[in-house]
Enquirer: 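Would you mind keeping the following structure in view while I ask a few things?
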Amino acid sequence: KARTVLLATEKAFAAGAVNKIEDVCKAAKYTLKRLENYKSKDELLAAVADVDAMIIRSDIVDQAVLDKASKMKIVVRAGAGYDNIDLKACEAKSITAMNTPGQNANAVAELVFGMMIVSARNNFDGTSGFELVNREIAFYGFGAVARAVHKLAQGFGMKSFAYDPYIPADQIQAAGATPVSSVAELFDHQYVSLHVPLTNETKDSINKALLGKMPKGGTLINTARTEVVHEADMIEVLKTRPDFCYLCDVAPKDIEPYKAAVGDKYGTRLIFTKKKMGAQTAEANDNAGVAAANQIVGFFEKGETRFSLKA
Ligand code: 3PG
């Protein structure tokens, strides 16, 4: 059956990835419809009307989008986090939603180390910094991204610790990291790297009580979601602890109060990427985009539902 797949990405994939997605569609005799770099929700609402499937990134898929998508059977988030999809609304309309876990993990992991090195070397200003070897990094969440960061940390000669409410301690141990028994214990280590999804439980959960526990040179690395960190508490900790660093790929809407808290240390103690770019590599775009296209073809042609998400 001829199917139409919409690629709707406010933040576009690299061109090479889009060509590969198109190849997967062509091989299945599907049509790929492209809506890249769109500027208004209206464009998305118009584009979804006649499609059978949709590939997105952080694009918001809410009731309004689903109401317009009268033919749509499946939406695949090319990436890991799916807090942008209203899963309950999908379920109510019998639309399958999937993600592509792990496909962009290495890209995020490399960015974590990029930010750590920039911070440890004082943004390359020529002053004496420090080395990462022998230092401790603790992971909140131990899924694909955390594991990829852990692998790099091993190469750097760092010691890894981890806590994940859904992963048993022996699996963490087997991966070569030391399991700890609570979120709070993670904050006894110099680096804490967040790898949890944004949920009602995790929202605002990284607060003053946790951040205040961190040892000298305490550094929070956030390549997860901005909203997991309690904003007012973070700004207060940055203000009151001149040793504390926040390295974040998911810049908050208003960065000015953060900048005011660190003064001339912006770019060293406080790093914000211009736009969320953890998954912005050619490889991650290829991997996540092609996986999403293959999952759509597998769903229609073979009834495959691996990676489908539950509300
Ligand atoms: C993810 O959840 O996969 C990452 O946050 C990447 O998101 P993006 O596709 O919007 O860059």
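For ligands, and for the atoms within them, numbers begin at 1 and follow the listed sequence. Computation of the quantities below employed the complete heavy-atom set of this structure, encompassing side-chain atoms and omitting hydrogens, waters and symmetry-equivalent molecules.
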Enquirer: What atoms of ligand 1 come closer than 4.0 angstrom to any heavy atom of Arg225?
Expert: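 Once the distances to Arg225 are compared, the set is 1 (C), 2 (O), 5 (O).
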Enquirer: At under 4.0 Å between heavy atoms, is it the side chain or the backbone of Asn104 that contacts ligand 1, or both, or neither?
Expert: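 Just the side chain.
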Enquirer: Give the atoms of ligand 1, by number and element, whose distance to some non-hydrogen atom of Gly79 is under 4.0 Å.
Expert: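 Counting from 1, the qualifying ligand atoms are 3 (O).
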Enquirer: So, do Tyr163 and Phe139 have ring centers that fall under 6.0 Å from each other?
Expert: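 Centroid distance Tyr163-Phe139: not below 6.0 Å, so no.
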Enquirer: Just to confirm my output: which protein heavy-atom neighbour is closest to atom 3 (O) of ligand 1, and how far is it?
Expert: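 So the nearest neighbour among protein heavy atoms is Ala80 N, 2.6 Å.
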Enquirer: Within the 4.5 Å heavy-atom criterion, are Ile56 and Ile85 side-chain neighbours or not?
Expert: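 Of all side-chain heavy-atom pairs linking Ile85 with Ile56, at least one is under 4.5 Å.
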Enquirer: Looking only at protein heavy atoms, which one is nearest to atom 11 (O) of ligand 1, and how far off is it?
Expert: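 The closest heavy atom on the protein side is Lys11 NZ, 2.7 Å.
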Enquirer: Should Asp50 and Lys71 count as an ion pair when the cut-off is N to O under 4.0 Å?
Expert: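 Salt bridge between Asp50 and Lys71, a charged N being under 4.0 Å from a carboxylate O: no.
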Enquirer: Any idea which protein heavy atom is nearest atom 9 (O) of ligand 1, and the distance to it?
Expert: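 Of the protein heavy atoms, Arg57 NE, 2.9 Å lies nearest.
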Enquirer: Quick check on Gln280 - does any of its heavy atoms sit under 4.0 Å from an atom of ligand 1?
Expert: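 No, Gln280 has no heavy atom closer than 4.0 Å to ligand 1.
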Enquirer: So, Asp125 versus Thr127: side-chain donor-acceptor pair below 3.5 Å or not?
Expert: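 Yes, because at least one side-chain N or O of Asp125 sits under 3.5 Å from a partner of the opposite role on Thr127.
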Enquirer: Nearest protein heavy atom to atom 10 (O) of ligand 1, by residue and atom, and its distance?
Expert: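 Sorting protein heavy atoms by distance from atom 10 (O) of ligand 1 puts Ser58 OG, 2.4 Å first.
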Enquirer: For the side chain of Thr219 and the backbone of Tyr191, is there at least one donor-acceptor N/O pair under 3.5 Å apart?
Expert: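 Between the backbone of Tyr191 and the side chain of Thr219 there is no qualifying donor-acceptor contact (under 3.5 Å).
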Enquirer: Measure the distance from atom 2 (O) of ligand 1 to every protein heavy atom, then report the residue, atom name and distance (to 0.1 Å) of the closest one.
Expert: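 Looking at atom 2 (O) of ligand 1, the protein heavy atom closest to it is Gly81 N, 2.7 Å.
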Enquirer: With heavy atoms only and a cut-off of under 4.0 Å, state how Ala279 meets ligand 1: side chain, backbone, both or neither.
Expert: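 Looking at Ala279 and ligand 1, just side chain atoms fall under 4.0 Å.
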Enquirer: Would you kindly say whether Asn84 and Ser58 are connected by a side-chain donor-acceptor distance under 3.5 Å?
Expert: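 No, because no side-chain N or O of Asn84 sits under 3.5 Å from a partner of the opposite role on Ser58.
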Enquirer: Please determine whether salt bridge (charged side-chain N to carboxylate O under 4.0 Å, His left out) holds for the pair Glu10 and Arg57, giving the CA-CA distance in whole Å, both sets of side-chain angles, and the decisive distance to 0.1 Å.
Expert: CA-CA 8 Å; Glu10 213 172 345; Arg57 293 184 68 173; over 6 Å; no
Enquirer: Hey, is Met277 one of the residues with a heavy atom under 4.0 angstrom from ligand 1?
Expert: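 No, Met277 has no heavy atom closer than 4.0 Å to ligand 1.
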Enquirer: Within the 3.5 Å criterion, strictly below it, is a donor on Tyr30 or Glu22 matched to an acceptor on the partner's side chain?
Expert: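 Judged by distance alone, the side chains do not pair up.
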